[in-house]
Every structure is written in C-alpha cells, then in structure tokens.
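Report on the structure given below.
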Amino acid sequence: MIRFLGRRLALVLLTLLISSVLIFIVTQILPGDAARAILGRFATPQALANLRAKLGLNRPLILQYGSWLVHYVQGDWGLSLSTGEPVFPLVAARLRNSAMLALVAFLMYVPLGIILGLFSALRRGKIFDQVVSVTSLAFIGLPEFVTGLILIAIFALGLNWLPASSDIPPDQGLVRALPRLILPGITVSLVSLAYIARMTRSSTAEVLGTDYVRSAYLKGMHPLRVLFSHVLRNSLLPTVTVIAVGIGWLIGGLIVTESLFSYPGLGRLLLFAIQRRDLPLLQAITLLLVVIFSLSNLLADILYALLNPRIRYS
Amino acid sequence: MVDQAVVFETTDLSIGYQTESGLLPAVRSATVRVRERECFGVVGESGSGKTSLAMGAINYLSANGKVLGGTSRLRDIELTGQRRFQMRRIWGSRIGMVYQNPSTALNPSIRIGEQLCEVARKHLRLSRAKAREKCREMLARVAMPDPASIMQRYPHQLSGGMLQRCVIAMALITRPELLILDEPTTALDVTTQAVVLDLVSQLARESDSAVLYITHDLAVVSKLCDRVGVMYAGQFCEQAPVKDLYRAPLHPYTLGLLGCVPRFDPEGGKRLLASIPGSIPRLDALPGGCIFAPRCAFARDECGRSTPPLREVRPGHYSACFRWEELPTAAEYAHAAPAVPPHTEDRPEVLRVIDVRKSFPPTERLFGAGRTRSRSVRAVDGVTLWVRKGNTLGVVGESGCGKTTLLRAIAGLAPRTSGEILLNGEKLEANVQDRPRKVLKQLQMVFQNPDASLNPRHPAGRAIARPLRLLAGLSRREAQRRVALLLEAVNLFPGFSRRLPEELSGGEKQRVAIARAFAAGPQIILLDEPLSSLDVSVQASLVNLLTELQEKNDVSYLFISHDLAAVQHLSHWIAVMYLGALMEWGDAEDVFAAPFHPYTEALLSAIPIADPEVQQRPIRLQGGVPSAAKIPTGCRFHTRCPRKIGRICETETPPWREGKNVHRISCHIPLDELKRLQADTIARTQKSRDVE
C-alpha cells in the first residue's frame, strides 16, 4: 500500500511539473506583453524596456520559468497586474469561498444521488425508476445557467425565500453565508445528482444480477444484509470514483454558476484574470486548479484501491 | 434405495416465464423424488429447463418466473407457496447450493472466511469465534491446505478448483438435507473436476444429504449418480437407475444423447457419431403429440397425435415413449452409425513445426500503473510436431498448457519468438501480416467462440464470401455461387446467407465459421476448441460434419481441445501438452493405450467416461498447473507427477523414449516399466465385454 501511494504521488508530481511548463509556455505565447499591459498603450519604448528589465522579462525563458516555479512553491505568487495586490491572499480567500460552496453542494447531492440510484436499482422498471431516469436525463442535458435561472425565478423572485445574489462579503463564515449558498448549491447539485444517481443505479442493478448476490439470497440472508454487506461494497465502487474526481470540478470548475449568482469563488476569479490578461493571477489560478484536480484524482485512486481488494493486493 | 425416506420431492411441477412473446412453459409437470443419501442426476441440454426446475422447486425464480402448478416438498414442508421470509430459514440451512461458476458465485470483495461464517452464524446461531472455528473445520474437510490462511483470502486469490471447494464447504456447513449442484464442474479443468467430484460424493455420503445434480454431461452423471432423469424441452422423457439408463435406455432422446458422446473406445474402429437431427423446439412453439417425435428416428404416426405419458415401464424405469420396447441398446445404436474409413499411413507432410517457442516479455509500466511481472512467461516452450495431408492432429492439455498460444503462433496471430514453421516445406513468416496471400489461403482457422469471431453486422453470406473474394480471387458473382455451395456443404439452407449472426444458433454460427474456413480451399485448418461452447447434440453433428468435410476435401486439421474423448474421436495423431511442452506424441491408438506418459495417464483417469461399467483407476493430480513464468526444472511435470521416481526428475530433462511407430514419451521411466505399471488404468469390466 505504501509503495502504491508513493508511486501515485510521484505520478501526481510529474503531472504537476508538466502542467506547470505548459501553463507557463501558453501564457507566454498569449498575445500581449506584460510590460505593455501594465504601462498601457502610450508608454515610451524606454519605459517599456526598463519595466521589462525590472520584471526580468529579458532573461531566457527557462530562467524565468525556474524562478516563477520556485516562487510559486514558496507561496510568493507575485502581484496582480490589474489590482496590484499580492496574488496569494486573493486566491486563498476565493479558494476558501469555493470550498464552502463545494461542501454545501457535496452534502446535498452525494447522499441524495446515491439513495435515488439505489432505490431506482431496487425498483428497476417500476414507476419510481422511470421517473428518476427521465428527470435525471433532463437535468444532465440542461446547462447550469438554465437551471440556475429557473431556480432564481422561483425561489428568489417568485417565492422570495432565498436571495438571488450570492455575492457574500469576504471572510463571511459558512453559517452566515449559508442562505446565499443554497441556490448555487442546488444548481450545481442538479447536474451531479443526476450523474451520480444514474451511475449508482446502473452499477447496483448490475451487481444485483450477479451470481454472488443470488448465492447470498440462497444462503438465507436477510435482504437488507444482502444489500449492505454484499451489494453496496461492490456497486458503490464506480460511484465513489466519480464522486472523488468530481471534487476537483466542484472547487475549480463552477465558472458559469459562480458568474450567474455573482459568487466570489475561484471560477469567477479565473474569468476575471482571463478578461484582464492578468498573467500572474492567471498562472497562479490555473496551476492551483491543476493541483486540485490532481489531488482529487489521487483521492479517487486511493479510495478505489482501499475499497477494491483486487487492486489492493495485486 | 426404495425403503429409504424421501427427502425431496416435486410432484407435477410446472414453471413458466412471462416474456414479451407470452408465457413460456419452461418446465412441464416434472416429478422428481430424491431419497436419503441418494444422488439424483438431472441431465439435459441448454434450454431443457433443468435449472428452472431446481430453482422453481426451491422457490427462487426471477421476477418473471412463476410456479404454474404442482408442488415441491422438503421432508414435511411444502415449499411451493412459502413466503420469502419463511424460505430464508430453509435456504442455506436445510438446502445447500453449489453453482456452475465458483469465481462468480463468491463475492469478490469479501474475504472467504467471512462468506462462510455468515452461514454458520445465521443458521447455526454460533458466536463469531465459534463460527470461525466451524468454518476452519469445514475447509479442512474439503481438503483445503491451510484453512486459516484461506479464510483471510479474497476469491480472486484462489484458483477455480479451490473456490469450488470453498463453495462446497459453504453449502455443507449446516449439513443440509438437500444439496443442489448446478453444473459444479463445467468451469473446471478435467483434473480439477475429478478432485471436486470425488469430494462431492464423499461429503454428501458423510452428511447424509440427498443430492440433486444438474448437468449436461452424461459422463459425470454416470460416475456420480444413483438415479438419472433426462429432460428434454421442459419435461422428463426418462428416469432410471444409472446402470439401466446407460445399458438400455428406453427413450430415443436418451439413446440419441448417448450416441452423441464420443465413445472412449480403445479398440473400436472409427465411425460417425449417432447424432440427433434438428434442434430443441422453441418453448413457444412446442409440437403436438410427443415433443421429441419430429427429431425421432423411431417415430410413427401415433407419436405425432397423442402425448406419451411418463410411466413406469420396468421396475424403477420410467419412459415417456410409446415404442420403448422396440429401441435398440445404446451399443447397437452407436454401431449403426456409418463407419469412417481408416486413414492410410505415410501421407505427405503438410505442416511441420520445429522447436517453436513463444514467450511473453515481463511487463513493467510507468509508476506501476498496472500489474508488474518480473519474469517472462514461456507459454510455448520448444514444440516440434507435424501434420500429414488429410490427417488430424489433436493437441490435448489443461487450460494454461499453451495449446491455444501454439495454435496462434502457427497462425501468425501471436508471432513466435523462435523456431521454424514449414507449410509444404516452405518457411512461414512469424507474423501473419508478412505472409503472402497464397499462404493465408492454405492455412485457415476456426475459433472457439463463434460469437466473437463472426462480425455481428455482417450477414453469414458476406462472412463466407470474404475469403473467396480476397484469397481465392473470385468475382462477385462467382463468390455468390460458391457461398451457396459452401452453406449446403455445412448443412445450412442457402437462405442463411442473408442472416446476421444474432439470428443463428450457436451451432449454426460455428457452421458458418467452418464454411468460412473452407471457403478459400485450405490445405490445413486450425481448430481452436471449436466445440467446447456447444451442447452435446450440436457437438456431435459438428464432429460428424468435420469428419465428412475432411474426407471430401482431403484437408488436414490441427485440433486443440481439453476434451480427451472428442480428441480421440477426431484425431489420427495426438500430442499431449503440459506447461508449454509436449509430453507424449504419436498415433491416436498408441497414445490411448499403455504405456502412457504419467500426465496422459492422469488425464485419462480423471476424465469421466460415459459408461458406468468402465473402471478407471483413480489417479488424482494434486495442486494446480504451475505458472508458466516459473517452469519447474528437470521434468516440468515433476511437481504433480504421481509416478515421480526421484531426484533425477527434478534435475534432468527427461529423454524422448521411442515406442511403436512414431509414439514418443518424454519420461525418465523406461516404456516397458510404464506399461507394466499402467496395465489397469482403464478397464472395462469383464462381464460387459463378454456381452458385447
């Protein structure tokens, strides 16, 4: 198990290294020049050259990359070009917000998705199964901005139960922010919920049809015991993987939802950095997202190995 | 037997499945009686309803299945109509089950010990510690080495034979009154099957269980059961004590089934199998009158008009045939099939394989993303053999012996690592892609699973026309004409050329695959277990087809199989393979007569012969086949050899000892000595030989 973990970690580090190179190169190739972006269109050539020298933009790319990476690892992520603030605290605050939204959404859709999937599998072909199946397909097909707008129209504008905007002030705690997290949370959940429910349903249905479940019944086991000790252990494996991989997306991939609800999360910050050509901010966020996605994939691998004896011991 | 108490009984049990095409009567008025310590065999081909009967009788049917009538009882309890929660006290406690495939019958993510203990704790009300103790005891009784460590393992860490022993231990933990075995050895190798069958009969006797044994294999039944019932399309056509059934079957279907099994007959000349024409009727279109009449060689008009009931025609012998008195004996019936002319010797050589090796390199993946294997696997480890024109060479061996890899190396699908392959004296390239068309045309292949080898979107005609156009270079119209002829040659109607594989039965698909192999006019056809996924009667008709096509086209076969009887029936030459190398090789008659290689001897004694009167000395191989990544030194068979003579077997590669004709055995024991030791390996009881 230790060796397995070590190998996986090494693979994650390699992924990060390669991505950092890619991110650095791509942001360098982007049209525009950092010095001109800072000084503006009418800067004199002399001023531009001075700033380039000051920023180290004259040095060979490889050296620039090296110092960027070293600083990045040390937590020195530079200054934002558009606001002039240090990048690190800015990104850290947004990461915290994103994590809060992710947690709320996660707690909503994971248990519900599994339960819906399980019941659909147990009642395959019956009305319940068909309703869940059709609605989940519909929600997978609908983009977030549609479901989000519908939710706002109903719960914020129509019933006036929840606020339409989720623009929470910085440093607001989870409990006080909760009312503003519910609508974006539901929006995010609807897509993933459907996905998890379908995943759970198909794998559980498959396991219910296996010979070993028949063996368990013919050993005289109680149906609940069959479900909990014989079925779930095998049928939740693929679901667990999907859930763990989804964590990365939950934290870093909610650009549309965050924009729709004006929620100050990582996704919106990324959009901001792209629109302003704010290279230090853009590089910092992108690499952070790669880290988050890699870690959630790592988590998925570890969970799968822990739950599946065939991987663990071979 | 008759005075013993009846343990399990079904009376006129009928079972149906609700499907889109209506209610299918899968089992119709089946009556079975199993007494204490009796083993009752239910024999039938796929679709005969044998598993439905068992599952329906114990009240475990799928959601669309239903008992339509009749009853089943276990001692004093009526099982039909019991509610699920009541059945839960009976399943696993008074009824034990063993299933066809042990690797799917056990939960892959629960330790073996826990799966066994579950039963002991639920039904015997034992504490956790007591249950573990009981399970250890039970595993020791099924001859598992080191039960304590086995209990800690997961199913994927054990071999098929070991898993099946665990399932048997699990079934017998509560000393059930009824033990149901559903094809328990079909997924196992012959040598493992022999061990498991010994175990089943011994344990069932010890625990006084009544046994219901479901199988398609007449040979297994003849060794294990006391009474046998033969099912056909959902109903019993005959029930009798095992000896009576084999000696004098009183129903034409039983007679046909027995005729379909290649007889293991060391002396007799070769003849075609007495196969059954036609196929099992569909349950939604059962014929009126006797359901077997349309396929029956003995049917008369009355058979089509009224249904013969299953009645006791002789003491203890039940038959559902009007004409039971007029049937020939099994031996007479088999001998009525046309004889195959004996093959003439010294035909020219078609294929020669010289010291061919195929190894798979160790795999090492970046950051251990997959399994790692540090040694290379020597799947084929220096095989030399040849095939003569118009002859068949059969290669036998257990799974993992490298026979399929050998075939694929010859076909160029798994390019050989070293060695030479000559076709008509010309060297063949290792890789099929480098071989010229002329070679491809001469060397064709039929695969084990026709589902996988026929493109599901190509109609049969297109599959057969492809080699005609590509290899034989025929025009489209000419190819069309030949397709019709080829279909006729494999006994299919010309209309089949437009059918997709999904519209064909398993046997029909394999016929199409055979027609495709013959299309280009090959000199030699490689047959990779072409019969093993098919029913007995279908197998028989394919065996006959292959024999006839060989006669007609003067083609050679290289036939690989684990089924000794089929190999013996089809082959002129036989090679016995173990762990990548040949152990014995020679004329079919010489290989199947003493002296044998000790491995051949073990195979012959392990394979059940469908004749209760043939005595086989029980020689059981212990342990499994060693990994091809770690081939034992010296004689590679020494780790399991019952005739090992000493250290020489572990250190030195045995010499090839030459016998009659070209018969050769790779063993340290001289042939005379082997012959003396093996005099009684297989013997027919004297009495029955006199009768014949």
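Convention: sequence-line order gives letters A, B, ...; per-chain numbering from 1. Excluded from the calculations below are hydrogen atoms, water molecules and symmetry mates; all remaining heavy atoms, backbone and side chain alike, are included. Note that the structure is predicted; figures quoted are calculated from it, not measured.
For a residue to count as touching a neighbouring chain, one of its non-hydrogen atoms must lie under 4.5 Å from one of that chain's; by this rule M170(B) touches chain A with the side chain only. Residue I90(B) does not touch chain A at all, counting heavy-atom pairs closer than 4.5 Å. In this structure, the portions of R214(A) lying under 4.5 Å from any heavy atom of chain B include both its backbone and its side chain. In this structure, the portion of E114(B) lying under 4.5 Å from any heavy atom of chain A is its side chain and not its backbone.
Residues V34(B) and A210(B) approach most closely at CG1-CB, 3.7 Å, considering heavy atoms. The nearest pair of heavy atoms linking L208(A) to V213(A) is O-CG1, 3.8 Å.
The neighbour count for F119(A) CZ, taken as heavy atoms of other residues, nucleotides or ligands under 6.0 Å away, does not exceed 12.
A salt bridge links D301(A) to R8(A): one of the charged nitrogens lies within less than 4.0 Å of a carboxylate oxygen.
Top candidate by heavy-atom pairs under 4.5 Å with chain A, chosen from E118(B), R84(B), M87(B), Q100(B), is E118(B). Listed options L218(A), T210(A), V207(A) were ranked by heavy-atom pairs under 4.5 angstrom with chain B; first place goes to L218(A). When each of I110(B), L106(B), V119(B), T174(B) is scored by its heavy-atom pairs under 4.5 Å with chain A, the top score falls to I110(B).
Annotation: cation-pi geometry not satisfied between R88(B) and Y217(A) (NZ/CZ under 6.0 angstrom from ring centroid, within 45° of ring axis).
Here Y72(A) contributes atom OH and S20(A) contributes atom OG; the two are 10.0 Å apart, rounded to the nearest 0.5 Å.
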